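Comments concern the structure below.
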Amino acid sequence: MAQISLTFPDGNIRQYPAGTTAAEVALSIAPGLAKKAISASVNGAHVDLQWPITADAKIAIHTMADDAQALELIRHDCAHIMARAVQDIWPDVKVTIGPVRDYGWFYDFDRAEPFTPEDLGAIEARMKQIINARDPVKTEVWDRARAIAYYEDRGEPFKVELIARIPEGEDLRMYWHGPWQDLCRGPHLAHTGQVPADAFKLTHVAGAYWLGDATRPMLQRIYGLAFKNRDDLKAHLTMLEEAAKRDHRKLGREMELFHIQDEAPGMVFWHPNGWTIYRGLEDYMRRRLMRAGYKEIKTPQVVDRVLWEKSGHWEAYRENMFIVEVDEDGAREKRINALKPMNCPCHVQVYNQGLKSYRDLPLRLAEFGSCHRYESSGSMHGLMRVRGFTQDDAHIFCTEDQIEGECADFLGLLSSVYRDLGFDKFDIKLSTRPEVRVGSDEVWDKAETALAKAIEMAGYSYTINPGDGAFYGPKLDFKLTDAIGREWQCGTFQADFNLPVRLGAEYVGEDGAKHHPVMMHRAILGSFERFIGILIENYAGKLPFWLAARQVVVASIVSDADPYVHEIVDALRKAGLRAEADVRNEKINYKVREHSVGKVPVILAIGMKEVEERTVSLRRLGDNITTSVPMQTAVMTLTAESLPPDQR
RNA sequence: GCCCUUAUAGCUCAGCUGGUAGAGCACCUGAUUUGUAAUCAGGGGGUCGGGGGUUCGAGUCCCUCUGGGGGCACCA
């Protein structure tokens, strides 16, 4: 039998007969390792222990100590065990697919009746029985005809369709968890008992389209979570509870920031507190943009459909536009307008006023543009996805040669803004030319290279999404990471070779001829609504002092202190701080609690001692220590702290 | 838009198998002048998201519309 040589992580090389399994390799090293082994990596591919190794390779044996591999196997086996449990209980349910995802897995089933929460309990119980049975996991490679015949015979049409979608020449692997069988590319654990019986949980049921295609049947998806041990599961559940406490919809109500009501779904009613935050953020962005050489403009919200037809939006996005009809006296036809879904066509109109020279470029037009999009009912979510929103939008009209410089400047601005707002980490994704596109290959080459080069020069790394660019140009997407590790796509920088041509934007070049500029669409926050939602969740409502709606509450302890309380509030307000007096007839405990719950960063408590000494008792949110400071010192300190980051 | 689910006082929630609604907080009034996360007492407040139906009778069952939530699809 032919020999193969396997290279271990420590550099050791050993010879084995071809077809040796990873289990046999582990046993050849040490019986202890064989016992602990759960899977192996062969040339970087994660495979199960039964996998025959047929050629020279690098190999690593994994144990439960290898988190990434262990969790993948546990979650993947959970998916199979759950599917088996479901078919044990309801034999007529059809199975489809069940991948590992996030902190667990899901599995999609075809079943006439949806699963109920009680069903989940029954499934969990059955899963535990399967785990405790320690059923062996077996695998075999089947040929297509046999696999198709098998599934047709068993009445599993989704599996038959899956097989048809697997490329010819690729092995079809069958897995058995005890008597239950599933088509799967693996890898899996050696027996069901290796899945910790107390470290998984079925969380919820949801509908999901077969193959993610809205024209295909809707399946019943069950989501589950799985970890290596009970404590990890508990820690994750606790984390989820913590995340729920940060929910901006909940905090938005508690902190009296905004509300949304039935008569205007997806539209925000900003309350005084919320609007203060909004304005703070807008003022900050305006200063940053002005400093970076942008010119602010304001364009109409209601625009005749003619413009949207010219820009191409009418054809592509009419379904998602709010239409405004006007019945003008004597007019044969109603005039049809649309609420603008985006600002760019209007910005081109501003650009088009007056003849532009190459000397005018780059021209950076910014707008806090109020846009409306008729988002589908199921997609709306608090502030995160709304129908009426305001972008920190701008369009840079420039030449192809200026793309790189503009991109570099934009990167500098974006990273600085994110840092100021408390986000130190963000990822960049470069999406390159799709199959269907406008513009010559030379222009695409130039633009893609310019974007990549600008990122590299700035010292950032990026990933490429090949073919994911818009038809009109390549783009960068920026995803920031929040305090609890969630990612939010906010910033974007997109080249557009199309719209300037469609809407006739031109400039006179050095050569005296007319050219179309490139238009760079760009945003840093994305939408103010959504970004404020992200800020609230990132800070769990405890916004930085400069953004907090109510910065200071001055609370009296006895009513004899009221005049002094008002004097302090006046002094703070005169210094530009957002301060309020609380002279209600309540105990200081009550006031401290209420304003702490309301996330007020600073509470000044005032009793007779403070009145006599002309001091304040200062307490910061989250601390339960108080310090006694002279009133004037407190005003000065807090004033300094209240400066936005760009003004310090 | 699709699947599931949900909609009871300002908020959070209770209301068994159908017989015309309760609690805590909030609010108002009074007492209390209080030292850093909820002082005590009293009071007002909802016809149960809208519409339709079944029934002698519906918050409670059915249909439908609207909104919310969890996902899927969508996201210029």
Side-chain angles (χ1 to χ4, degrees), chain A residues 106 108 111 113-117 119 203-223 244 247 249-250 253-254 256 259-266 308 311-321 340-345 371 373-382 384-387 389 391 470-472 475 489 492 494 496 498-499 521 526-527 530 553 555-562 583-598 600 603-610 617-628:
Chain A
F106 65 76
D108 289 346
R111 181 182 184 227
E113 295 293 305
F115 294 101
T116 65
D119 290 343
T203 56
H204 58 284
V205 195
Y209 296 112
W210 167 234
L211 300 173
D213 183 341
T215 64
R216 307 298 304 270
M218 179 143 296
L219 306 171
Q220 303 295 329
R221 175 173 296 181
I222 302 178
Y223 285 88
D247 191 314
R249 293 166 298 187
K250 180 174 141 71
R253 189 171 50 241
E254 288 173 1
E256 298 178 72
H259 85 270
I260 296 171
Q261 66 186 44
D262 293 4
E263 289 83 350
W308 306 113
S311 71
H313 290 101
W314 190 262
E315 198 188 349
Y317 296 107
R318 196 206 172 303
E319 295 288 296
N320 295 305
M321 288 164 75
K340 71 174 166 186
M342 52 186 343
N343 307 300
C344 30
C371 296
R373 295 179 186 174
Y374 189 78
E375 301 287 1
S376 65
S377 59
S379 65
M380 288 184 295
H381 179 88
M384 300 305 190
R385 186 87 177 262
V386 287
R387 286 180 174 161
F389 57 95
Q391 295 175 312
F471 75 91
Y472 50 74
K475 64 170 179 178
Q489 205 239 289
T492 185
Q494 309 187 8
D496 188 343
N498 177 54
L499 204 57
H521 307 257
S527 99
R530 180 161 173 273
V553 166
S556 58
I557 296 170
V558 293
S559 49
D560 284 347
D562 290 359
V583 293
R584 291 174 302 170
N585 178 9
E586 293 292 348
K587 296 176 83 163
I588 191 64
N589 295 291
Y590 181 90
K591 296 182 184 180
V592 165
R593 177 182 152 76
E594 187 173 289
H595 298 123
S596 297
V597 168
V600 177
I603 299 171
L604 303 182
I606 308 300
M608 289 319 288
K609 179 169 162 282
E610 285 72 25
S617 171
L618 190 151
R619 177 193 171 107
R620 289 179 190 273
L621 184 59
D623 291 345
N624 47 12
I625 50 168
T626 59
T627 49
S628 178

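Since we're looking at a predicted model, the values are computed, not measured. All chains are named by letter (A, B, ...) in the order of the sequence lines, taking the proteins before the strands, and each is independently numbered beginning at 1.
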(request) Classify the ring geometry between A:Tyr223 and A:His204 as parallel (under 30°), tilted (30 to 60°) or perpendicular (over 60°). (result) parallel
(request) For B:A21 versus B:A37, give the span between their C1' atoms, rounded off to a whole number of Å. (result) 34 Å
(request) May I have the distance from A:Glu254 (atom CD) to B:A38 (atom C1'), rounded to whole angstrom? (result) 15 Å
(message) Within the supplied structure, the quantity of interest is the number of heavy atoms (other residues, nucleotides, ligands) at a distance under 6.0 Å from A:Gln261 CD; does it exceed 12?
(response) yes
(message) Can you identify which nucleotide, out of B:G35, B:A76, B:C11, has its nearest atom closest to the A:Tyr472 side chain?
(response) B:A76
(request) Send over the distance from A:Glu113 CD to B:C4 P, rounded to a whole Å. (result) 10 Å
(request) Could you check whether A:Asp560 gets within reach of a base, just the sugar-phosphate, or nothing at all, counting any heavy atom under 4.0 Å? (result) nothing
(message) Please tell me if A:Tyr590 has a side-chain N or O lying less than 4.0 Å from either OP1 or OP2 of B:U33.
(response) no
(request) Could you tell me whether the side chain of A:Arg385 has a donor or acceptor atom within less than 3.5 Å of a complementary atom in the base of B:C74? (result) yes
(message) Checking contacts here: which listed nucleotide (B:U33, B:A38, B:G67) is nearest the side-chain heavy atoms of A:Pro265?
(response) B:G67
(message) Should the side chain of A:Tyr209 and the base of B:G1 be counted as holding a donor-acceptor pair, with the cut-off at 3.5 Å?
(response) yes
(message) I'd like to know if the side chain of A:Lys591 and the backbone of A:Arg584 have a donor-acceptor N/O pair within less than 3.5 Å.
(response) yes
(message) Can a donor-acceptor pair be found, under 3.5 Å and without considering hydrogens, that links the side chain of A:Glu610 to the backbone of A:Gly607?
(response) yes
(message) Roughly how many Å apart are B:A58 and B:U20, using the P atom of each and rounding to a whole number?
(response) 11 Å
(message) Do A:Phe471 and A:Asn498 make a side-chain contact, defined as non-hydrogen atoms from C-beta onward lying under 4.5 Å apart?
(response) yes
(request) Mark yes when over 12 heavy atoms from residues, nucleotides or ligands other than A:Glu256 sit less than 6.0 Å from its CD; otherwise mark no. (result) no
(request) State which of B:C74, B:A76, B:C4 makes the closest approach to the side chain of A:Met321. (result) B:A76
(message) Judged by each residue's nearest nucleotide on RNA chain B, which is more toward the 5′ side, A:Gly378 or A:Gln494?
(response) A:Gly378
(request) Select one nucleotide: of B:A37, B:G70, B:U33, the one nearest the side-chain heavy atoms of A:His204. (result) B:G70
(request) Compare side-chain N and O positions of A:Arg216 against OP1 and OP2 of B:C72 and report whether any pair is under 4.0 Å apart. (result) no
(request) Figure out the CG/P separation between A:Asn589 and B:C40, and round it to whole Å. (result) 12 Å
(request) Check the distance between B:G71's C1' and A:Met380's CE and give it to me in whole angstrom. (result) 16 Å
(message) So if I take every side-chain heavy atom of A:Arg593 and compare against B:A37, B:A76, B:C4, which nucleotide ends up nearest?
(response) B:A37
(message) Counting only side-chain nitrogens and oxygens, does A:Arg249 get under 4.0 Å of the OP1 or OP2 atom of B:G69?
(response) yes
(request) Output the single nucleotide from B:A76, B:C3, B:G71 whose closest atom is nearest the side chain of A:Tyr223. (result) B:G71
(request) Please measure how far the P atom in B:C13 lies from the corresponding atom in B:G30, and state the result in whole Å. (result) 33 Å
(message) How close do A:Lys609 and A:Ser628 get, counting heavy atoms only, and between which atoms?
(response) NZ-OG, 4.3 Å
(request) Specify the separation, in whole Å, of atom CE of A:Met384 and atom P of B:G70. (result) 11 Å
(message) If the cut-off is 4.0 Å, is A:Ser379 near the phosphate of B:C74, judged by side-chain N/O to OP1 or OP2?
(response) no
(message) Heavy atoms from C-beta onward define the side chain here; which of B:C2, B:C75, B:U39 lies closest to that of A:Met218?
(response) B:C2
(request) Fill in the dot-bracket string of RNA chain B, one character per base: . for unpaired, | for a pair to another strand, ( ) or [ ] for pairs within the strand, taking Watson-Crick or G-U pairs under 3.5 Å. (result) (((((((..((((........)))).(((((.......))))).....(((((.......))))))))))))....
(message) Measuring from the side chain of A:Ala206 (C-beta onward, heavy atoms only), which nucleotide among B:G71, B:A37, B:U33 has the closest atom?
(response) B:G71
(request) Have a look at A:Gln220 and say if it touches a base, only the backbone sugar-phosphate, or nothing, with a 4.0 Å heavy-atom cut-off. (result) sugar-phosphate
(request) Return yes if the base of B:G1 and the side-chain atoms of A:Glu319 contain a donor-acceptor N/O pair under 3.5 Å, otherwise no. (result) no
(message) Taking the P atom in each of B:G18 and B:G57, what is the distance between them to the nearest angstrom?
(response) 15 Å
(message) Could you check whether any side-chain N or O of A:Arg221 sits under 3.5 Å from a backbone N or O of A:Asp108, counting only pairs where one atom can act as donor and the other as acceptor?
(response) no
(message) Here's a test of your reading of the structure: between A:Pro114 and A:Ser377, which maps to the more 5' nucleotide of RNA chain B?
(response) A:Ser377
(message) Check the phosphate of B:G70 against A:His381, side-chain N and O only, distance under 4.0 Å to OP1 or OP2. Yes or no?
(response) yes
(request) Please tell me which of the listed nucleotides, B:A37, B:A76, B:C72, lies nearest to the side chain of A:Met342? (result) B:A76
(message) How many whole angstroms separate atom CG of A:Leu621 from atom P of B:A37?
(response) 12 Å
(request) Calculate the interatomic distance between A:Asp213 atom CG and B:G71 atom P; express it in whole Å. (result) 21 Å
